[in-house]
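Here the structure comes first, spelled out in structure tokens, and everything after it is commentary.
Below, read A as the first sequence line, B as the second, and so on, with proteins coming before strands; counting in each chain starts at 1. Predicted, not measured: the structure shown is a model, and the values here were computed from it.
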There are 2 protein chains.
Amino acid sequence: MSKAARTKQLIIEKAAPLFNTKGVAGTSMSDILTVTKLAKGSLYVHFENKENLVHEVVDYQLGRLSEVVRTTMGRQKTAKAQLFAYIDLHLDPMQPPLLGGCPLLNFGTEADDTNEVVRKKVNAVVEGAQQNFRRIIEAGIANDEFKPDWNASEFATKLFAMVEGGILMTRVAQNNQAMKLIAGVLKKEIEENAA
Amino acid sequence: MSKAARTKQLIIEKAAPLFNTKGVAGTSMSDILTVTKLAKGSLYVHFENKENLVHEVVDYQLGRLSEVVRTTMGRQKTAKAQLFAYIDLHLDPMQPPLLGGCPLLNFGTEADDTNEVVRKKVNAVVEGAQQNFRRIIEAGIANDEFKPDWNASEFATKLFAMVEGGILMTRVAQNNQAMKLIAGVLKKEIEENAA
DNA sequence: CCAATAAGTGACCGATTGGTCAGTAATCAT
DNA sequence: ATGATTACTGACCAATCGGTCACTTATTGG
């Protein structure tokens, strides 16, 4: 890894939690200078402008989320265990896998009517997540883990929506009461559809 | 209504959609001057500072949301029709009742780790909404509209989480496919619990 | 109607914003 | 090892940020 590549990576990694907690508009280039301990000009060696940096940070952060989800679910063998692992990963949104919380929620709500590029990046991951759930459920049906009449894409959407809604509720309430209930509800439905 | 009160109200009403679409950090006092066609100093006659204005705008916007929900649900007579009305109100998040979309989602995600005051205001409305659902379900149970064993507070949380999650999904996808599915799922569960 | 009071104006403030660039230091291929 | 390239610095830029204030204009209670 070249010096340039390392510095660029450093900037992205240090900037990511800032953007994710304070938002894109709420984070200045100076904020990033502070945490990276670099000089102004150096930022602009690696990134054309703020918008450009934001794009790469969003890619990085969404990539990290995807990776965490993939490896966490991937450790499980059965379809049911994989779905449970996803739910458990989100059980305490006050101690989220990524500093500042779910980037889909954070970047998604900020970008939805201000930043088309970011909006599309978020949407791709949202759709990918649902597709992933659907695939797992369908595989579970195929190997007799789940009842054959379980509506895979319906539960996939439901699962994603409830978890994101639960994250919002937890973060504004600052306690994961709602999320614990939601996790229970989702797990119960999965159990009920075991073959 | 005094001149002062009218001007203050004008500022709040014009500022609300700005904050709700571009976010608090993304909206400048100058943006508000533009839409109100007032001079700089005039803003500060009615509001001590930006933070103060934000608080009042958030109150106003959350109040409007609550009012829309209350009157829409209030028009219905049965408990089931009231819950359906809430769902239908959110059927197309691209054409939301409030410009910029759900202020709980927008202000909630921006404020959760940057603005305690706003976070608490949002949380109060989130809890109020769930309480409202629970009350309606319990009333429905009491008058034999719903099965007596239906878990009211569980469905209340579920309903809220799924709708907010659905709003997020719709806004990043720019189509309400997910929300239509979610609405169907929620209505089905309500029907299943009819006595 | 007419003071007294309050609303509204816009030039101005220091600080901060995103961004540039000439010069310097470090890296890296030969 | 050295020369060419590239990373880095930090002073500097115009524009904009949130906010102030002396002043003018409008409102309002008696």
Rounded to whole Å, the NZ-P distance (A:Lys40 to C:dT17) equals 8 Å
CD (B:Glu191) with more than 12 external heavy atoms under 6.0 Å:
yes
Between residues 4-35 of chain A and DNA chain D, which residues have a heavy-atom gap below 4.0 Å?
A:Ala4, A:Thr7
Using a heavy-atom cut-off of 4.0 Å to chain A, what are the terminal contacting nucleotides of DNA chain D, in 5' to 3' order?
D:dA7 to D:dA11
With heavy-atom distances below 4.5 Å as the criterion, would you say the side chains of B:Phe146 and B:Lys80 are in contact?
yes
Would you find a donor on one side and an acceptor on the other, under 3.5 Å apart, between the side chain of A:Lys120 and the backbone of B:Val172?
no
side-chain hydrogen bond (donor to acceptor under 3.5 Å, both in side chains) for A:Gln9 and A:Glu13? Distances and angles first, verdict last.
CA-CA 6 Å; A:Gln9 195 59 21; A:Glu13 285 169 13; 3.2 Å; yes
Once you measure the plane-to-plane angle for A:Trp150 and A:Phe155, does it fall in the parallel (<30°), tilted (30-60°) or perpendicular (>60°) bin?
tilted
Got a salt bridge between A:Glu56 and A:Lys8, using NZ or NE/NH1/NH2 to carboxylate O under 4.0 Å?
yes
B:Phe160 side, atom CZ; B:Gln131 side, atom CD - distance, nearest 0.5 Å:
13.5 Å
Heavy atoms only, 4.0 Å cut-off, all strands: where does A:Leu38 land among base, sugar-phosphate and nothing?
sugar-phosphate
Rounded to 10 degrees, the angle between the two terminal axes of the helix from C:dC1-D:dG30 to C:dT30-D:dA1, each from five pairs
30°
Would you check if there is a donor-acceptor pair between the side chains of A:Asn176 and A:Gln95 at a distance under 3.5 Å?
no
Below 4.0 angstrom, which residues in residues 48-60 of chain A have at least one non-hydrogen atom near DNA chain C?
A:Asn49, A:Lys50
Ignoring hydrogens and angles, tell me if any N or O in the side chain of A:Thr72 forms a donor-acceptor pair with the backbone of A:Val68 under 3.5 Å.
yes
If you measure from the Lys or Arg side-chain nitrogens to the Asp or Glu carboxylate oxygens, is any gap between B:Glu154 and A:Lys188 under 4.0 Å?
yes
Under 4.0 Å between a side-chain nitrogen and a carboxylate oxygen: does that hold for A:Arg64 and A:Glu67?
no
Rounded to whole Å, please give me the gap between CZ in B:Phe47 and P in C:dA7.
12 Å
Does the side chain of B:His46 get closer than 4.0 angstrom to OP1 or OP2 of C:dG8 through an N or O atom?
yes
Determine, step by step, whether B:Gln82 and B:Arg75 satisfy the side-chain hydrogen bond (donor to acceptor under 3.5 Å, both in side chains) criterion, reporting the C-alpha distance in whole Å, the side-chain angles of both residues, the deciding distance to 0.1 Å, and the verdict.
CA-CA 8 Å; B:Gln82 288 180 335; B:Arg75 265 195 279 277; over 6 Å; no
Stretch residues 110-119 of chain A: residues that reach within less than 4.0 Å of DNA chain C through a heavy atom
none
B:Asp113/A:Arg171 ion pair, N-O < 4.0 Å
yes
Of the options B:Ile167, B:Asn20, B:Val24, which is the one that meets B:Asn106 in a side-chain contact (heavy atoms from CB on, under 4.5 Å)?
B:Asn20
Nucleotide N/O to protein N/O under 3.5 Å, stretch nucleotides 22-26 of chain C:
none

Out of curiosity, does B:Val45 fall in the hydrophobic cluster containing B:Phe47 (side-chain heavy atoms, cut-off under 4.5 Å, transitive links)?
no
Lys/Arg-Asp/Glu bridge criterion (N-O < 4.0 Å) met for B:Asp31, B:Lys22
yes
Reported CD-to-SG distance for the pair A:Gln61 and A:Cys102, which is rounded to 0.5 angstrom
9.5 Å
For B:Glu189, is there an ion pair with B:Lys158 - N to carboxylate O distance below 4.0 angstrom?
yes
